Amino acid sequence: MPVWQLIAVFLALIGLTVATVFQSTLELGNTELIVSLFIATIKASLVILFFMHMIHDKPLNAILFIGSFIFVALFLGFTLLDAGAYRDSLELKVVQPDIPANPMQ
């Protein structure tokens, strides 16, 4: 693999890391998680393709890696969908202690 290609991938990873840090300063609400996972997926794909040399490997290995990404995405997606149903019961509830009417008792 040519050195210029490795340097280009390295610079892309640095740029995506800067994008991740910049994204954390924005107020995106519910889409913040989606944007963070999208950037992380791109970075992981670059590492797998170029630094693990999957771009030059057999297609079966690439299919297995893509399948594992799909499985993790489905796992996280269904977990996040299900967590929304329990959001009300998971919120912190502040309970006030019973204060006696007469503190001398």
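Everything quoted here is computed from the prediction, not taken from an experiment. The residues of the chain are indexed from 1 along the displayed sequence.
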Kindly compute the distance separating OG (S45) from CZ (F50), expressed to the nearest 0.5 Å. 10.5 Å

Those residues that, when tested against P2, pass side chain to side chain contact (heavy atoms under 4.5 Å, CB included) (two or more places apart): W4, Q5

Side chain to side chain contact (heavy atoms under 4.5 Å, CB included) partners for I63, two or more places apart: none

If hydrophobic clusters are built from ILVMFWY residues whose side chains come within less than 4.5 Å, do [X] and [Y] share one?
X	Y	result
I39	I34	no
F38	L26	yes
F75	I70	no
I42	L28	yes
F51	I55	yes

If I compare all heavy atoms of [X] with all of [Y], which pair ends up nearest, and what's the gap?
X	Y	result
M1	L6	SD-CD2, 3.3 Å
L13	K43	CD2-O, 3.7 Å
A12	L46	CB-CD1, 4.0 Å

Can you list the residues that meet the side-chain hydrogen bond (donor to acceptor under 3.5 Å, both in side chains) rule with Q23, with sequence neighbours excluded? S36

Could you note down all residue pairs passing side-chain hydrogen bond (donor to acceptor under 3.5 Å, both in side chains) where residues 55-66 supplies at least one of them, sequence neighbours left out? D57-N61

Determine which pairs satisfy side-chain hydrogen bond (donor to acceptor under 3.5 Å, both in side chains) with at least one residue from residues 8-18, sequence neighbours left out, and list them in order. none

Among Ile, Leu, Val, Met, Phe, Trp and Tyr joined by side-chain contacts under 4.5 Å, find the other residues sharing a cluster with L11 and list them by chain and number. V3, I7, F10, I14

Are the side chains of V9 and L49 in contact, using a 4.5 Å heavy-atom criterion? no

